[in-house]
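Here is the structure we will look at, set down as structure tokens.
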Amino acid sequence: MTTFELLGQGLLTALQWHNLLYALIGVTLGTAVGVLPGIGPALTVALLLPVTYKLDPAGSLIMFAGIYYGGMYGGSTTSILLNTPGESASIVTALEGNKMARKGRGGPALATAAIGSFVAGLIATLGLAFIAPSVVKFALSFGPAEYFALMLLAFMTVSAAFGESTLRGLTSLFIGLALGLIGIDQLTGQTRLAMGLPNLFDGISVTTLAVALFAIGETLAVVAAKHMQEEKVQAVKGSVWMNREDWKRSWAPWLRGTAIGFPIGAMPAGGADVSSFLSYSAERNFSKHPEEFGHGAIEGVAGPEAANNASAAGTLVPLLTLGLPTTATAAIMLAGFQQFGLQPGPLLFATNAPLVWGLIASLLVANLMLLVLNLPLIGLWVKLLTIPRPWLYAGILTFATLGTIGADGSTYSLFGIPISFGLFLLMLFGILGYVLRRFHYPIAPVVVGLILGPMAEKSLRQALQISQGNVLALFNSWIGILLWVLALTAVFLPLWLRYRGKGKLLEQIAGDTD
């Protein structure tokens with residue numbers, strides 16, 4: 001079947017009423033959490049993992065993707081009106097967007113962000129649909145040695161791309177790899193590191209770990225903060241719509257942002273924050289009004305917002321075709337797939353094609369929903385900013401606790417007192433999440449290590465068994481060598497991209513202040 005036929009079948013799946021409902025819930029939640037400072041899509045998807053445990057896999061994954069897209073949309077609202085990015089990818093939007101809001105042009109800033117996100121998301125989703133089958137055909141030739149190299153590429157990617165220090169990223173990764181050793185060995189059937197606890201024979205639950213690190217750890221970090229600074233929200237004055245001049249100055253940045261964001265998101269070393277910085281630098285170079293940058297240039301909102309939404313779609317290319325998560329939200333979505341017994345990769349397109357193409361097609365529907373939701377309901381999203389922080393995080397803590405009890409009802413006797421084993425692990429890993437945040441270690445590599453560690457170990461041992469212990473068998477194919485080279489490149493490429501994008505930006509900002 002051609003890509004158009006597969007995408008058409010996916011649209012039939014995505015347009016079923018229950019999947020439309022899941023998509024609507026996802027984009028609404030995603031926009032809400034994107035608006036709220038400090039609450040990101042990764043935390044929201046992690047919170048919903050236990051709740052969706054017994055729901056329809058296709059609907060749940062469509063909802064998760066809607067949350068991802070919605071979070072990218074919603075982050076622009078906080079950046080423009082509050083000068084506080086809800087997501088790291090929206091940092092650049094705050095530079096020009098908040099300046100526009102202070103001049104009474106918050107409406108056009110929000111409009112160009114929403115329309116640019118729609119245009120970029122639409123083009124990037126079509127790009128995902130047409131690129132994914134080619135990547136799948138390439139990946140079907142992989143053997144155990146190639147799969148191990150692929151897992152190594154994933155490890156290097158998350159270690160280098162998340163956080164500011166590769167060493168700290170590797171430390172977080174090894175914590176996850178160590179946790180992945182707990183349970184029954186997949187090849188020998190022997191129990192490892194379970195400490196005699198039957199509850200650990202099946203290993204550490206990815207859902208419990210994700211909820212603990214992202215939700216409980218974030219809540220503890222906020223509680224430990226001495227002050228919760230309240231920022232003044234800029235009112236949206238005048239019309240929310242754009243005038244002819246705004247349209248003229250926005251359409252080219254939308255396309256340029258899409259062209260920058262999608263390939264960087266699709267690379268297993270990119271990210272929305274990198275693409276938004278590069279897009280901002282590009283717009284300063286291409287703009288006919290460079291003197292306005294730093295004082296409220298609409299191109300500085302249009303380009304980066306298009307770039308970070310195109311990057312979100314690009315991130316799904318390595319996730320769906322190779323099982324490689326390149327963002328924190330993608331890592332949690334990978335846990336969501338595994339929760340339903342699904343493993344993203346080339347075989348997923350063969351064994352669960354309706355689910356995959358329904359998920360891809362639902363992104364087109366979600367983009368249209370987000371455009372309709374964002375501009376008319378801007379007043380509602382602004383009101384969310386008035387929710388007191390203690391209430392917000394108390395609700396997150398309660399929701400995470402109830403969800404974990406529902407997903408894992410097993411008990412354990414601690415000093416003769418029966419307690420919920422799931423809650424015990426939730427508390428333990430929640431403290432770990434707080435400690436990692438306290439010392440600025442990234443969270444996502446821990447989850448990726450737990451998910452992919454056992455798979456990497458299995459592939460390595462199978463490759464060595466086939467070659468009778470010959471280590472050189474790991475480098476016998478050109479695909480394996482290429483993946484090893486990419487793994488090394490993944491360590492240095494994000495550092496270079498960040499240096500180039502952020503370095504130029506800092507120089508330009510410094511020049512504006514002189």
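FYI, side chains are in, hydrogens and waters are out, and symmetry mates aren't considered; it's all heavy atoms of this structure.
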Nearest non-hydrogen partners of [X] and [Y], listed with the distance:
X      : Y      : result
Leu209 : Val447 : CD2-CA, 4.3 Å
Asn309 : Ser117 : ND2-OG, 2.8 Å
Gly453 : Leu177 : CA-CD2, 3.6 Å
Pro144 : Ile466 : CG-CD1, 4.0 Å
Ala366 : Val27  : CB-CG1, 3.6 Å
Ala456 : Phe148 : O-CD1, 3.5 Å

Spell out, as yes or no, whether a donor-acceptor pair under 3.5 Å connects the side chain of [X] to the backbone of [Y].
X      : Y      : value
Ser311 : Ala307 : no
Asn19  : Leu15  : no
Arg437 : Leu213 : yes
Ser172 : Pro442 : yes
Asn352 : Leu355 : no
Glu146 : Gly143 : yes
Ser362 : Leu359 : yes

Nearest 0.5 Å, please: how far is [atom2] in [Y] from [atom1] in [X]?
X      : Y      : atom1 : atom2 : value
Leu474 : Leu483 : CG    : CG    : 12.0 Å
Leu428 : Thr208 : CG    : OG1   : 11.5 Å
Leu320 : Leu348 : CG    : CG    : 7.5 Å
Ile479 : Leu150 : CD1   : CG    : 10.5 Å
Ile67  : Tyr22  : CD1   : OH    : 12.0 Å
Leu7   : Gln9   : CG    : CD    : 10.5 Å

State, yes or no, whether a side-chain contact exists between [X] and [Y] at a heavy-atom distance under 4.5 Å.
X      : Y      : result
Tyr441 : Val446 : no
Tyr69  : Thr125 : yes
Met333 : Thr315 : no
Leu452 : Phe155 : yes
Leu24  : Met63  : no
Leu128 : Leu363 : yes
Leu460 : Met151 : no
Ile431 : Tyr434 : no

Practice problem: Step by step, work out the side-chain contact (heavy atoms from CB on, under 4.5 Å) result for Leu61 and Leu342. | Solution: CA-CA 11 Å; Leu61 294 171; Leu342 303 170; 4.3 Å; yes

Practice problem: May I ask you to decide if the ring planes of Phe349 and Trp357 are parallel, tilted or perpendicular, using 30° and 60° as cut-offs? | Solution: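 Correct class here is perpendicular.
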
Self-check item: Flag if over 12 foreign heavy atoms under 6.0 Å of CZ, Arg192
Solution: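 Yes, enclosed.
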
